[in-house]
Amino acid sequence: MTETLPTLDQPYDPAQVEPRWYAFWEKNGVFAATDSAADARPVYVVPMPPPNVTGSLHMGHAQRCTLEDALVRWHRMRGFNALWQPGTDHAGIATQLVVERMLAKEGKNRRDMGREAFVERIWQWRHDTGDRILLQQRILGASPDWTRSKFTMDPDLSRAVTEAFVRLHEQGLMYRATRLINWCPECMTSLSDLEVESEEGANGELFEFAYEVDGGGGGEIVVATTRPETMLGDTAVAVHPDDPRYTALHGKRVKHPFVNRTFPIVTDAILVDPRFGTGAVKVTPAHDFNDFATGKRHGLEEINILNLDGTLNANAGPFAGMDRKRARTAVKKALADKGLARGAKPHVLTLPRCQRSGGVVEPMISTQWFLKMQSMAEKALEAVHSGKTEIVPAEWVKTYDHFMENIQDWCVSRQLWWGHQIPAWHHADGRVVVARERPAECGPGWTQDPDVLDTWFSSALWPFSTQGWPDETAALKKFYPASDLETGYDILFFWVARMMMMGLHFMGEVPFRRVLLSGLIVDETGDKMSKVKGNVIDPLDLVNGATFAKMTPDAESLARFKKAYPSAAAMGAGFPAFGADAVRFTLASYPPSNKRIALAPKRIEGNRHFLNKIWNATRLALELLGHGPWVEGQAPKTFYNRWIRSRFAAACETAHGGLDSFRVDEAVSAAYRFFWNDLCDWYLEIVKPILRQQTDGTFLRPEQVPETRETLAYVLEGSLRLMHPLMPFITEELWQRVPRPASRKASIAFGPYPTPDAEKGARDAEVDGWMDLLQEVISAARTIRSEHAIDRKAEVPVRVRSGDPAVVAFLREHAETVALLVKTQGPPVFEAPGGPRDAGTTVSIVSGKRGPLEVLVTLKGLVTKDEELARIDRERKRIEKDLAAIEKKLASPGFVDRAPPEVVEESKQQRASLAEAKVRLDEGRKLAEEL
RNA sequence: GGGCGGGUAGCUCAGUGGCAGAGCGCUGGCUUUACAAGCCGGAUGUCGCAGGUUCGAUACCUGUCCCGCCCACCA
């Protein structure tokens with residue numbers, strides 16, 4: 001493989017790298033899971049939330065791909081039989097609406113076409129576009145087992161739906177009932193409670209009008225309403241029993257002004273709040289949930305005034321045929337004409353809207369199929385409380401509980417054509433038969449229920465319907481329950497909760513062991529992405545690059561877009577091709593506790609730079625390593641090699657902990673910091689001259705070369721494996737070129753993953769501590785150079801003094817490194833404090849655990865007296881501030897007695913060190929004055 | 001009305017009962033043969049506000065003010 005790879009002398013270009021590897025993985029069967037009982041590997045299963053079959057990839061999908069792929073690849077590399085179950089959802093209303101809109105553009109509608117032709121048309125469309133999203137997932141590097149891909153309307157999954165429905169019916173949980181439901185006149189279907197969204201803060205008005213009291217004697221009762229047209233369905237006026245204003249009217253009737261009927265004034269303490277409005281409430285049992293309940297309490301008539309399309313029906317008398325919106329105006333005018341209007345005031349209300357169409361939802365009395373939820377919800381509640389399923393982050397448990405505890409029966413029937421038709425047959429005489437197939441006795445005179453099931457009904461079965469249920473397949477045995485379910489919190493009720501209930505009900509076991517809930521991706525200013533707002537970013541535009549002109553049709557929308565993404569506005573004409581890895585790495589870097597994830601394109605750019613760093617570091621390493629596998633992983637003896645192995649081990653530990661606890665962001669930052677800050681900034685810089693065997697007298701350490709090569713090869717190959725779940729493409733590309741043990745398989749995706757256990761032996765706190773000290777010395781000297789603007793090429797004498805002989809000895813050993821990284825004149829000198837100090841020597845104090853270190857740099861002639869004095873004063877100020885803080889702490893009553901001894905000890909040490917540092921600095925100041 | 005989350009650097013966000021962090025931005029220097037998509041430095045914070053617990057609070061508790069989200073039938 002290595003021979004055929006292009007050379008690395010080109011700058012990293014994801015477009016040249018990424019497409020090559022996907023086919024390679026598929027060819028090598030990387031994604032395949034096996035349901036063979038003989039396979040003894042531990043199983044890891046993640047059901048992918050099935051995207052809408054006709055949809056195209058959005059930021060949320062990209063996030064799903066990123067997080068789930070990271071978890072799946074991580075397990076796969078650790079030797080799990082990992083199944084990421086892919087598939088698509090038929091998305092009932094959403095799909096039907098889209099196709100209806102397409103038809104409308106052609107001047108057609110589904111009613112003219114007829115059900116069969118319409119459904120055929122959707123199948124055709126699905127056939128044309130249904131794979132688009134699957135291809136897009138591949139571009140992101142997703143690694144599900146495609147051979148097991150399912151669609152919710154596949155024959156086997158449809159069979160599972162029917163089976164579930166029939167069983168629920170047999171068990172008395174699925175029933176048909178006539179009650180008030182949510183109706184969307186635009187979609188012309190019923191909705192579940194969850195599909196109704198409330199638009200808060202809508203501006204409406206509270207309209208008041210009078211009903212004449214019937215039976216002579218005049219008198220009236222004034223009611224208030226936000227929906228005046230519903231008065232056509234009024235069948236009572238309710239007042240509070242204790243309201244003295246209306247006592248005289250109890251038991252009387254009022255006359256309807258437009259239709260020929262009268263209805264009672266009833267007393268109801270539940271419905272009526274005497275302080276609100278006029279204290280008298282019009283009651284419309286057929287079009288309001290409160291009024292419906294009131295009607296039941298008082299035995300009121302329920303008069304439906306609406307047709308299914310939202311126009312008024314014959315019960316509306318003179319207003320019949322009008323649209324509900326026009327009817328509202330007309331009713332108000334008619335009331336005014338009759339002298340019954342009593343004014344209106346602005347009123348802020350909450351409007352129920354259809355999740356899909358956005359239309360205002362009307363409560364309507366209707367006969368529908370319902371699923372009893374309470375007993376199922378109780379089991380689902382228990383499963384989380386007993387820990388059978390863990391919700392991560394745990395803060396969602398309360399939300400889950402609240403939903404389950406207050407759950408209402410689920411209206412599952414929809415008056416749509418696209419979906420699973422309900423397996424029930426009706427006879428004209430009212431008989432209903434529910435069966436798996438059309439029963440023989442249902443001959444002529446019987447018709448199948450025309451309704452289809454809520455799309456979420458089939459989704460709720462996903463963890464087991466995809467594995468062959470109701471048959472007892474090997475896959476079902478192997479892959480149920482799933483291990484982790486990852487999804488956005490927005491479908492916790494729609495999907496997760498219902499899977500919990502259905503899984504427990506049909507399988508007698510939770511559908512997954514953990515639920516991992518992620519935040520929602522929003523624009524950079526925190527607003528939800530929406531086409532209307534013009535702030536939607538297509539993830540593939542980030543992967544492949546796109547001009548803003550392409551993404552926004554006109555100048556106005558471009559301006560809106562740039563406002564939504566300030567950091568993108570600075571990118572010029574558009575997004576460069578960041579590549580899938582950079583997008584993924586960025587999406588993985590947000591902690592899941594973040595409910596809203598503000599997508600900052602600049603952050604992707606930063607991570608794209610990180611990929612470049614990996615690319616170039618690997619180029620350098622390959623140059624330093626030459627050929628041949630040196631990756632043995634034996635414990636190194638040399639200081640720097642021990643240090644980088646220790647750092648690598650720490651990174652592995654953090655990454656493992658992060659991935660294990662669904663803190664992928666922690667794995668991301670551990671990898672980033674290790675690779676860039678430890679490996680590139682320090683280790684490679686130090687090791688470069690050793691491996692190049694520079695012959696200028698420094699770093700000629702032939703005995704260290706083999707071990708250093710081995711270590712460099714080890715951490716390089718290891719860190720590529722460490723990062724592979726997070727950025728699969730670049731790691732594969734580079735891994736295929738780096739020296740690696742012969743035991744490795746064809747792809748990095750086969751692992752193994754560098755585990756903390758394997759690396760544990762390399763952790764070395766003492767080495768880490770010494771390296772910290774060395775880094776501080778070097779930084780201090782560099783800072784002096786930088787502050788005095790010493791030319792890069794100029795060499796300066798450096799002298800470091802410490803009262804700790806061990807420190808002096810250590811630094812002497814690493815004199816070459818200091819010389820290299822600081823650029824000293826000759827070898828730096830390390831000595832005990834108290835020696836003479838030349839005029840023109842500038843000093844910086846590092847006050848560490850082992851007492852202060854004086855870093856002296858002689859700058860005679862390169863620095864003025866004033867500059868040096870100013871610098872020393874700044875440093876003195878810092879030290880004084882720290883010293884004051886620590887003295888305050890030590891002086892605070894009780895600290896010495898109550899704080900843990902090691903904290904007290906450390907503080908005392910710090911105080912001593914700082915105090916000494918101050919003395920040294922003052923000495924330095926005296927000398928500087930002599931400049 | 002109930003519930004949840006957030007308020008930390010100019011921006012996007014980590015974080016911890018013991019000296020406030022990252023990326024981006026800003027800024028000084030540097031084209032040093034892995035990388036200028038880079039390297040070496042630097043500046044920047046009443047950790048929303050007020051109390052409390054504590055030897056010690058940005059962190060824990062209470063209250064409060066903003067912001068966002070979810071649930072709920074107030075005409």
Side-chain angles (χ1 to χ4, degrees), chain A residues 8 11-12 180 193 198 206 223-227 230 238 271-273 276-284 288-293 347 349-350 352 363 395-396 398-399 402-403 406 489-490 492-493 519-520 522 524-528 566-567 570 576 589-591 593-600 602-603 605-624 665-666 669 672-673 680-681 684-685 688 779 782-787 789-793 821-823 881-882 885-886 888-900 903-904 906-907 910:
Chain A
L8 282 181
Y12 172 55
L180 203 61
D193 297 343
S198 31
L206 198 56
V223 295
T225 179
T226 55
R227 296 189 295 157
T230 60
L271 178 71
V272 182
D273 174 359
F276 187 91
T278 61
V281 185
K282 61 187 277 305
V283 183
T284 323
D288 183 281
F289 285 95
N290 281 320
D291 295 1
F292 183 77
H347 183 71
L349 61 142
T350 305
E395 64 209 41
W396 287 105
K398 269 194 184 178
T399 308
H402 186 262
F403 174 74
N406 296 284
Y489 70 78
D490 54 330
L492 175 59
F493 304 150
L520 264 34
V522 295
E524 202 169 354
T525 66
D527 280 349
K528 209 168 166 176
S567 81
S589 72
Y590 295 98
S593 54
N594 238 8
K595 275 192 174 180
R596 294 179 315 151
I597 294 170
L599 184 73
K602 263 286 173 195
R603 197 156 158 167
E605 191 179 71
N607 287 327
R608 169 68 182 76
H609 294 172
F610 178 48
L611 298 202
N612 199 48
K613 193 74 181 176
I614 298 171
W615 182 265
N616 286 310
T618 304
R619 282 172 56 193
L620 171 65
L622 287 177
E623 178 213 311
L624 297 175
D665 59 304
E666 288 180 350
S669 67
Y672 187 97
R673 275 200 246 274
C680 291
D681 289 349
L684 279 176
E685 291 304 326
K688 210 160 31 173
S779 288
R782 279 171 167 173
T783 301
I784 292 173
R785 289 191 62 119
S786 178
E787 281 180 342
I790 309 301
D791 185 86
R792 185 182 61 77
K793 286 175 188 134
L821 297 180
V822 177
K823 191 119 183 147
K881 198 182 131 210
D882 290 352
I886 232 150
K888 192 183 155 204
K889 193 206 273 190
L890 280 160
S892 77
F895 175 73
V896 176
D897 304 326
R898 309 280 296 273
V903 173
V904 176
E906 201 187 316
S907 298
Q910 276 175 17

With P as the reference atom in both, quote the distance from B/rG3 to B/rU12 in angstrom, rounded to an integer.
29 Å

State the pairing partner of B/rC24; accept Watson-Crick or G-U wobble contacts with both distances under 3.5 Å, and report none otherwise.
B/rG10

Can you tell me how far P in B/rG15 sits from the matching atom in B/rG21, rounded to whole Å?
16 Å

Considering only B/rC40, B/rA37, B/rA75, which nucleotide approaches the side chain of A/Lys282 most closely?
B/rA75

Return the pairing partner of B/rG18 with a 3.5 Å limit on both distances, Watson-Crick or G-U wobble; otherwise return none.
B/rC55

Any A/His402 side-chain N or O less than 4.0 Å from OP1/OP2 of B/rG2
no

As a test of reading the structure: which of B/rA37, B/rG25, B/rC74 is closest to the side chain of A/Lys602, going by heavy atoms?
B/rG25

Atom CG of A/Asp882 and atom P of B/rG18: how far apart are they, to the nearest Å?
17 Å

For B/rA9 and B/rG5, measure between their C1' atoms and round to the nearest Å.
23 Å

As a test of reading the structure: which of B/rA37, B/rG18, B/rA75 is closest to the side chain of A/Val281, going by heavy atoms?
B/rA75

Across every strand shown, the nucleotide meeting Watson-Crick or G-U wobble geometry with B/rG1 (both distances under 3.5 Å) is B/rC71

Has the side chain of A/Lys613 got a donor or acceptor atom sitting under 3.5 Å from an opposite partner on the base of B/rC35?
yes

Rounded to whole Å, how long is the line connecting atom CZ of A/Phe610 with atom C1' of B/rA37?
13 Å

Return the nearest nucleotide to the side chain of A/Arg596; candidates are B/rA34, B/rU54, B/rG68.
B/rG68

How close or far is atom P of B/rC71 from atom CH2 of A/Trp396, stated in whole angstroms?
10 Å

Kindly give the heavy-atom pair with the smallest separation between A/Ser907 and A/Phe895, and that separation in Å.
OG-CZ, 3.8 Å

Does A/Arg782 put a side-chain nitrogen or oxygen below 4.0 Å from OP1 or OP2 of B/rG41?
yes

For nucleotides B/rC47 and B/rC60, find the distance between their P atoms and express it as a whole number of Å.
16 Å

With rounding to the closest Å, how many angstrom separate the P atoms on B/rA43 and B/rG10?
15 Å

Side-chain contact check for A/Ser786: nearest option of B/rU54, B/rG28, B/rU32 is B/rG28

Can you check the A/Phe493 CZ to B/rC71 P distance for me, whole Å?
6 Å

Between B/rG2 and B/rU58, how far is it from one C1' atom to the other, in whole Å?
30 Å

For B/rC39, the nucleotide meeting Watson-Crick or G-U wobble distances (both under 3.5 Å) is B/rG29

Where the side chain of A/Tyr489 is defined as all heavy atoms beyond and including C-beta, which of B/rC69, B/rA22, B/rA75 is the nearest nucleotide?
B/rC69

Does A/Lys595 put a side-chain nitrogen or oxygen below 4.0 Å from OP1 or OP2 of B/rC69?
no

Closest to the A/Tyr672 side chain: B/rC71, B/rU12, B/rG23?
B/rG23

Checking contacts here: which listed nucleotide (B/rG18, B/rG25, B/rC74) is nearest the side-chain heavy atoms of A/Lys889?
B/rG18

Atom-to-atom span, CG of A/Asn616 to P of B/rU33 - whole angstrom
14 Å

How far does the P atom of B/rG17 sit from the matching atom of B/rG23, given to the nearest Å?
23 Å

Are OP1 or OP2 of B/rU12 and a side-chain N or O of A/Asn594 less than 4.0 angstrom apart?
no

Would you measure the distance from the P atom in B/rG18 across to the matching atom in B/rC74 and give it in whole Å?
46 Å

Would you say B/rA75 has OP1 or OP2 under 4.0 Å from some side-chain N or O of A/His347?
yes

When you get a sec, tell me which of B/rG41, B/rA34, B/rC39 is the closest nucleotide to the side chain of A/Asp681?
B/rC39

A/Ala224 versus A/Leu206, closest heavy-atom pair with distance:
CB-CG, 3.9 Å

Give the nucleotide from the list B/rA22, B/rG18, B/rC19 with an atom nearest to the side chain of A/Pro900.
B/rG18

Please state whether the phosphate of B/rA75, meaning OP1 or OP2, lies under 4.0 angstrom from any side-chain nitrogen or oxygen of A/Thr278.
no

Flag side-chain contact, heavy atom, 4.5 Å: A/Phe493 against A/Thr399:
yes

Would you call the rings of A/Tyr489 and A/Trp396 parallel, tilted or perpendicular if under 30° counts as parallel and over 60° as perpendicular?
parallel

Give a yes/no answer on whether the side chain of A/Ser589 brings an N or O atom under 4.0 Å of OP1 or OP2 in B/rG23.
no

For atom CG of A/Asp527 and atom P of B/rU12, their distance in whole Å
12 Å

Does the structure show a Watson-Crick or G-U wobble partner for B/rG63, both distances under 3.5 Å? Name it, or say none.
B/rC49

Report the distance from atom CG of A/Leu622 to atom P of B/rA34, rounded to the nearest whole Å.
13 Å

Do A/Asp527 and A/Val522 touch side chain to side chain, with heavy atoms closer than 4.5 Å?
no

